[in-house]
Amino acid sequence: MSSIKVHAGDFLKQSGNYNFNTLTLKTEEHPYIGESIDVSQIETLDVATEENVKKLGGAVGWGAAGGLLLGSVGLLAGLLAGGNKKNVTFVAKFYDGRKLLATTDSKTFTKIQASLF
């Protein structure tokens, strides 16, 4: 089970999980156990850049989240050095219209990305 840290979007700003092609993210309707979402429900998945965070967000919350997370330099193409471990900040848009700005390790991001093809 891999951990995902939610920063902004239509999900609670808490840790979620990725396991067996399923994201488990906490929502207002499911604040304790979380909602299980099959990765096939992801319409787009991109490494976060300042441009696509603004494009997807449009709302003040998304812009503030992007600026708060990584400042004016941008999102550094989503790759953030964390010791020896690399993390990827990504933007996901689901077919139902919900959005997500989150960070996970590069290995988990690659697994999510590969499961979309």
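A side-chain N or O of Asp105 and one of Thr108 form a donor-acceptor pair less than 3.5 Å apart. In this model, no donor atom of one side chain and acceptor atom of the other lie less than 3.5 Å apart for Thr22 and Ser36.
A donor-acceptor pair is defined here as one N or O able to donate and one able to accept, closer than 3.5 Å; no such pair exists between the side chain of Asp38 and the backbone of Gln41.
For the ring pair (Phe, Tyr, Trp, His ring centres under 6.0 Å) test, no residue two or more places apart in sequence or in another chain qualifies with Tyr18. Applying the side chain to side chain donor-acceptor pair (under 3.5 Å) test to Ser115 and every residue at least two apart in sequence or in another chain returns nothing. Under the rule for a salt bridge (charged side-chain N to carboxylate O under 4.0 Å, His left out), the partners of Glu35 that lie at least two apart in sequence or sit in another chain are Arg98.
Proximity of Thr44 to Val91: side-chain heavy atoms (C-beta onward) are nowhere separated by under 4.5 Å. Side chains of Ile4 and Asn17 form no contact here, defined as non-hydrogen atoms less than 4.5 Å apart. Side-chain contact check for Thr110 versus Val88: every heavy-atom pair is 4.5 Å or farther apart. Leu25 places a side-chain heavy atom less than 4.5 Å from the side chain of Leu100. For the pair Ser3 and Thr104, the minimum side-chain heavy-atom distance is 4.5 Å or more. By the 4.5 Å heavy-atom criterion applied to side chains, Leu101 and Thr89 are counted as neighbours.
Heavy atoms of other residues, nucleotides or ligands lying less than 6.0 angstrom from NZ of Lys107 number 12 at most.
The ring-ring contact (aromatic ring centres under 6.0 Å, His included) contacts involving residues 23-42 comprise nothing, where partners must be two or more places apart or lie in separate chains. Residue pairs satisfying the salt bridge (Lys or Arg N to Asp or Glu O under 4.0 Å) criterion with at least one member in residues 12-29, sequence neighbours excluded, are absent. Pairs of residues two or more places apart, or lying in two chains, that qualify as ring-ring contact (aromatic ring centres under 6.0 Å, His included) and include a residue from residues 96-117 are Phe90-Phe109.
In the hydrophobic cluster analysis, where Ile, Leu, Val, Met, Phe, Trp and Tyr join through side-chain heavy atoms closer than 4.5 angstrom, Leu12 is grouped apart from Phe94.
Shown here for Thr24 and Ile33, the closest heavy-atom pair between the two residues is CG2-O, 3.6 Å.
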* To do: Show the numbers, then the answer: is there a side-chain contact (heavy atoms from CB on, under 4.5 Å) between Ile42 and Leu23?
  => CA-CA 10 Å; Ile42 297 175; Leu23 295 169; 4.0 Å; yes

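Distance check: Asp10 CG to Thr27 OG1 gives 10.0 Å after rounding to the nearest 0.5 Å. Residue Ile112 holds its CD1 atom at 7.5 Å from OG of Ser2, rounded to the nearest 0.5 Å.
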